[in-house]
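Written below as structure tokens is the structure these notes are about.
Just so we're on the same page: letters track the sequence lines, and every chain starts at 1. Worth knowing before you read on, the calculation uses all heavy atoms, side chains too, and leaves out hydrogens, waters and symmetry mates.
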There are 2 protein chains.
Amino acid sequence: MKISDLAHRSGLTAHTIRYYERIGLMPRADRDGSGHRDYGPETLIWVTFIGHMKAAGMPISEMLRYARLRQQGAGTSDQRADILRKRRALVAQRITSLQATLDVLDGKIAGYDMERTSNDNDRNTA
Amino acid sequence: MKISDLAHRSGLTAHTIRYYERIGLMPRADRDGSGHRDYGPETLIWVTFIGHMKAAGMPISEMLRYARLRQQGAGTSDQRADILRKRRALVAQRITSLQATLDVLDGKIAGYDMERTSNDNDRNTA
DNA sequence: ATGCATGTTCGAGCGTACTCGAAGTCAAGC
DNA sequence: GCTTGACTTCGAGTACGCTCGAACATGCAT
């Protein structure tokens, strides 16, 4: 898989993928005969995971920590599980907070709708 | 209300509040005899709203647009309602996405837990 | 009158996460 | 053999949202 394919399938740009490799978030890619990056299917799994963690609001620094532990192998599972459990708690919190935000927005919107209705009434009763 | 009070009650720093004023997100504050900012209670309502919109992921540029419309008065309610409705949709989307992320995390965590259990078994059966 | 806390303005700096452009290489098609 | 297009490296630039420090003013307590 070429970088453009991976870019297309992951929704990232080639620039961003190279950036991720540069900072160590992705392993150094294998190269084909002409020095171009050549990805196996497992890479797509990894970038997809990165995408999920990004959606979870995980900063790159923490992904890096996770990635490094992963490379160190099986002995680090507890630490990795810990990272994910903490992140899970934060995500759950974030959902709760967003639901509260939704209520605030709905309240405000209802306020504007009432204003509109009352204007309609003005018009109807004028 | 002094800036330190507003800071304390809003969870922002005085620096941030002045920054918000600088960029137009908050109206120029009234001053007391010695030139210090002196806030009325309505200001706390506005910063609280800003906080909610920040939680909703609204960029400052959009808050600015909203704030400007608000200052222009009643004729702009439709536009303001529109901003909030669009933001509401984005927040709802974001919640859905975070819930999916939660599932991914739970799956991963369950994987690590199984690994642990199987290691326990190894130990027990060794 | 002196110290100390709290305020002021202004501009510069920072952290995060990209994003882009320049300059060069390489393989394929015409 | 020349153009085209996708790739390469490298370093610099951008966008956002603060965050901070310097230098100065003010007002209360000792």
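Checking side-chain atoms of A:Trp46 against main-chain N and O of A:Pro27 turns up no donor-acceptor pair under 3.5 Å.
A 4.5 Å side-chain heavy-atom check between B:Leu6 and B:Met26 finds at least one atom pair inside the cut-off. Looking only at side-chain heavy atoms (C-beta outward), A:Met1 and A:Thr43 stay at 4.5 Å or farther from each other.
B:Arg31 CZ: more than 12 foreign heavy atoms inside a 6.0 Å radius. In the displayed structure, A:Asp30 atom CG is contacted under 6.0 Å by at most 12 heavy atoms of other residues, nucleotides or ligands.
A:Ile23 comes within contact range of no nucleotide atom at all, as no heavy-atom separation falls under 4.0 Å. B:Arg37 comes within contact range of the sugar-phosphate backbone alone, with a heavy-atom separation under 4.0 Å but no base atom that close.
For DNA chain D, no neighbouring residue in residues 45-52 of chain A is found when judged by any heavy atom under 4.0 Å.
Using a 4.0 Å cut-off between a side-chain N of Lys or Arg and a carboxylate O of Asp or Glu, B:Asp106 and A:Arg85 do not qualify as a salt bridge. A salt bridge does not link B:Arg9 to B:Asp5: none of the charged nitrogens lies less than 4.0 Å from a carboxylate oxygen.
Every residue two or more places apart in sequence or in another chain that forms a salt bridge (Lys or Arg N to Asp or Glu O under 4.0 Å) with B:Arg87 is listed here: B:Glu62. For B:Ser97, there are no side chain to side chain donor-acceptor pair (under 3.5 Å) partners at least two apart in sequence or on another chain.
Taking the ring centre of A:Phe49 as origin, the terminal cationic atom of A:Lys54 falls outside the region bounded by 6.0 Å and 45° from the ring axis.
In this structure, A:Leu6 places its CG atom 16 Å from P of D:dA6, rounding to the nearest Å. Between the C1' atom of D:dT8 and the CZ atom of A:Arg31 lies a distance of 8 Å, rounded to the nearest Å.
If you take NE2 on A:His15 and CD1 on A:Ile17, they are separated by 11.0 Å, rounding to the nearest 0.5 Å.
End-to-end axis angle for the helix from C:dA1-D:dT30 to C:dC30-D:dG1, using five pairs per end and rounding to 10°, comes out at 10°.
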Subject >> Nucleic acid footprint by protein, nucleotides 14-27 of chain D - heavy-atom cut-off 4.0 Å, B for base, S for sugar-phosphate alone >> reply: ---BBBBB----SS
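Running 5' to 3' along DNA chain C, contacts with non-hydrogen atoms of chain B at under 4.0 Å begin and end at C:dG7 to C:dA12.
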Original post:
Step by step, would you call A:Tyr20 with A:Ile60 a side chain to side chain contact (heavy atoms under 4.5 Å, CB included)?
Top reply: CA-CA 9 Å; A:Tyr20 281 172; A:Ile60 285 183; 4.1 Å; yes
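Transitive grouping of hydrophobic side chains (ILVMFWY, heavy atoms separated by less than 4.5 Å) brings B:Met53 and B:Leu64 into a common cluster.
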